[in-house]
Every structure is written in C-alpha cells, then in structure tokens.
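These numbers were taken from a predicted model, which means no experiment stands behind them. The first residue in the sequence is number 1, and the count goes up from there.
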Amino acid sequence: MQISFSRFDDNVARFVISGFSSAFVNAIRRTMIGEVPTLAIEDVLIYDNNSALFDEMLAHRLGLIPLRTDLDEYVFTKDCTCGGEGCSACTSVYTLSVEGPKVVYSRDLIPQNPLAAPVEENIPLVKLEKDQKIVLEARAVLGRGTDHAKWQPTLACGYKAYPHIEFDNKCDGCGMCVDECPRNVLEIKGNSAAVVEGKIEDCSLCKLCERICIANADTWDSPAISVKTVDDVFIFVVESDGSIPVRKILERAAEEIQTKSDSLVDVLCDISGGNVND
C-alpha cells in the first residue's frame, strides 16, 4: 500500500492512495466525515430576541458556524468528570449581545476561550433594524457528524478511481477527442492523440472522447481511444471547514478505524474462544 500527496496544507489534501480496496477507501471517507469530532453549538440560552428570526432559526444558524477545535483540550460531555454539567473541559461558552441597526456576523460571537473562536469572522447571522437586539449565551460541545451535520469537519471529502487512457494504432490524430474533452486532458502529438503530461488525474472518466471517436468512425467496431480505471488506485481529496487541520482529520480518522478494528477483533476472539482465525 502507498500514499502519495500532490497537495497538503492546513485545509486541503489531495493524494493518490493505492493498494486498498474501494470498500476500505470508502470507510476512510465515511470516517473522516462522520467520526472525527468537532465543536459545535448545541445549547442556546436566549435572553432577548426581537429580530426577524425566530429563536429556533437563530439557534440553528449558530449551530452551523464552524468553530476552531483542539481535540487535546476538549472531551465529550459523557466522558467528562463534571457528569455532563458543562465545564471548561467539555464545553465552550459564547456570548452575543448586539443592537441594531447592523448586520450580526460570527465575529460578534464572543468566546470564553479565544482558541475556540469561529473559523470565519464574516458569516452573516441576521440583520437587525433600529431598536432590534439580541442577547444570548451559547454552549458548544464535541460531537460527531453521524449525530448531526453541524459536527462534520469536512466541506468536501471524496475519491475517484485512477484513470488510465490508451490509444491503439487506429488513431489517425483527427483531434476530435481533444476538442471534446472538457478537462483538456488530451492533445495531438505527432500523428496520434496523447495524454497531456501531468494531467491524467484531471480526467473525469466521462468517456466523451470514446463516444465522439466511435461516432465519427464509419468502419470501426470500437473507438481508437480507451478510458479505463486502475484497480486498487484512487485519487482522494479532503477539504476541512477550518475547525480542524486536514492532517489532524486524517490522523484521527485512522485512529478511529484502528479502534473499531481492534474492537471487532476482540469480539471475534470472544466468539471463537480466543482464536480469531476460527
């Protein structure tokens, strides 16, 4: 198995992963989306709200604001020594006190812990007219995307099979496949079409090139170009919402898979009387 990164920064990772089945790669994707915990606002105490938004709508918008999350600093409320009462180890507290006329942004949400501030400062929440105001206290806790989408740490997380394009000796370099390709992956080189160097990963596997080739060949039974996929090789893209760096998302997803795998082995050992091979 092998992993090769073509991009790796705080918020985006793009890599080629090989030697894994599609089922395992999909398990990685689902784990990053649904099992890596983040902070999100869960409880809102509204003391005053005469804006155009109902209390429930305002609370919903607050819950969807991405919050910076240090997984080494916070624990789940169910695992906290406070018994779920809400202490600094499991809960991040925010206050909001604004009066119109103005547009209320995420930067108006004041965190008790500056390290758990909103990821973006300019997320609009509500527009207040004159004499309208909002006063509230919000509490954020750790959760998982499997419980609610507001706890998903990724904006985009997906993969596709690695493409492979071949040309046979029937290709006469007419260039129709080049013109049809929406990603500009193909070019004319000599008397035949070819893949532009370094652009094979941009292929979307749409196979428009195959269709235009066979549609304009009166005597061919098959196109001169063949678009296939490479077995056990996938292109993976992960984009964080900023609450957790991509590196931490990948690491935590691997830990979650390892933990579940170990638990499954323990269960199988119990069932088989200590021999998992049974």
Side-chain angles (χ1 to χ4, degrees), residues 10-12 30 32-71 73-78 80 82-158 237-246 248-249:
D10 284 345
N11 290 329
V12 180
R30 291 174 63 89
M32 285 193 285
I33 295 174
E35 298 294 339
V36 177
T38 62
L39 283 173
I41 291 175
E42 175 72 351
D43 299 311
V44 181
L45 303 176
I46 298 178
Y47 301 111
D48 195 354
N49 173 29
N50 61 351
S51 70
L53 288 184
F54 292 114
D55 292 352
E56 295 84 356
M57 295 179 64
L58 180 60
H60 177 69
R61 290 192 178 187
L62 290 169
L64 295 177
I65 296 175
L67 305 174
R68 301 189 185 279
T69 305
D70 185 351
L71 295 178
E73 184 170 347
Y74 291 96
V75 298
F76 287 96
T77 53
K78 62 182 178 62
C80 189
C82 72
E85 292 295 325
C87 65
S88 59
C90 66
T91 304
S92 181
V93 179
Y94 304 81
T95 57
L96 178 66
S97 180
V98 288
E99 187 171 353
K102 67 171 294 183
V103 176
V104 182
Y105 292 95
S106 53
R107 61 174 174 266
D108 296 312
L109 197 62
I110 308 302
Q112 192 177 66
N113 179 2
L115 298 179
V119 172
E120 298 290 341
E121 295 184 346
N122 298 319
I123 301 175
L125 296 175
V126 61
K127 182 178 181 180
L128 297 180
E129 301 296 342
K130 185 179 179 181
D131 297 328
Q132 290 183 337
K133 63 180 180 179
I134 297 175
V135 180
L136 59 80
E137 178 181 306
R139 298 178 182 178
V141 297
L142 283 182
R144 302 181 190 272
T146 51
D147 299 321
H148 194 283
K150 66 183 179 182
W151 280 302
Q152 291 181 3
T154 59
L155 295 176
C157 185
V237 177
V238 186
E239 182 179 356
S240 169
D241 65 358
S243 58
I244 304 176
V246 163
K248 191 66 177 179
I249 293 176

query: In terms of heavy-atom contacts, does CZ of Arg144 have more than 12 from other residues, nucleotides or ligands at under 6.0 Å?
result: yes

query: So, for Pro37 and Ile244, which heavy atoms are closest and what is the spacing to 0.1 Å?
result: O-CD1, 3.2 Å

message: For residues 90-99, which residue pairs pass the salt bridge (charged side-chain N to carboxylate O under 4.0 Å, His left out) check, not counting sequence neighbours?
response: none

message: If you define the side chain from C-beta out and look only at heavy atoms, does anything of Val36 sit under 4.5 Å from Thr154?
response: no

message: Under the side chain to side chain contact (heavy atoms under 4.5 Å, CB included) test against Leu67, which residue among Leu115, Thr38, Ile41, Asp241 passes?
response: Ile41

task: Applying side chain to side chain donor-acceptor pair (under 3.5 Å), name anything that partners Arg139, two or more places apart in sequence or on another chain.
output: Glu137

task: Decide yes or no for Lys248 and Thr69: does some side-chain heavy atom of the first lie under 4.5 Å from some side-chain heavy atom of the second?
output: no

task: Taking the side chain as every heavy atom from C-beta outward, state whether Ile65 and Leu125 have any atom pair closer than 4.5 Å.
output: yes

message: Filter on salt bridge (charged side-chain N to carboxylate O under 4.0 Å, His left out), then keep only pairs touching residues 42-55, sequence neighbours left out; what's left?
response: Glu42-Lys150, Asp48-Lys133

Counterpart residues, side chain to side chain donor-acceptor pair (under 3.5 Å), relative to Asn113 (two or more places apart): Glu73, Tyr74

Show which side-chain atoms of residues 86-94 pair as donor or acceptor with protein atoms under 3.5 Å away, not counting sequence neighbours.
unit_1 : atom_1 : unit_2 : atom_2 : d
Ser92  : OG     : Tyr94  : OH     : 3.1
Tyr94  : OH     : Ala116 : O      : 2.5

message: Going by the rule side chain to side chain donor-acceptor pair (under 3.5 Å), which residues pair with Ser240 if we only count those two or more places apart in sequence or in a different chain?
response: none

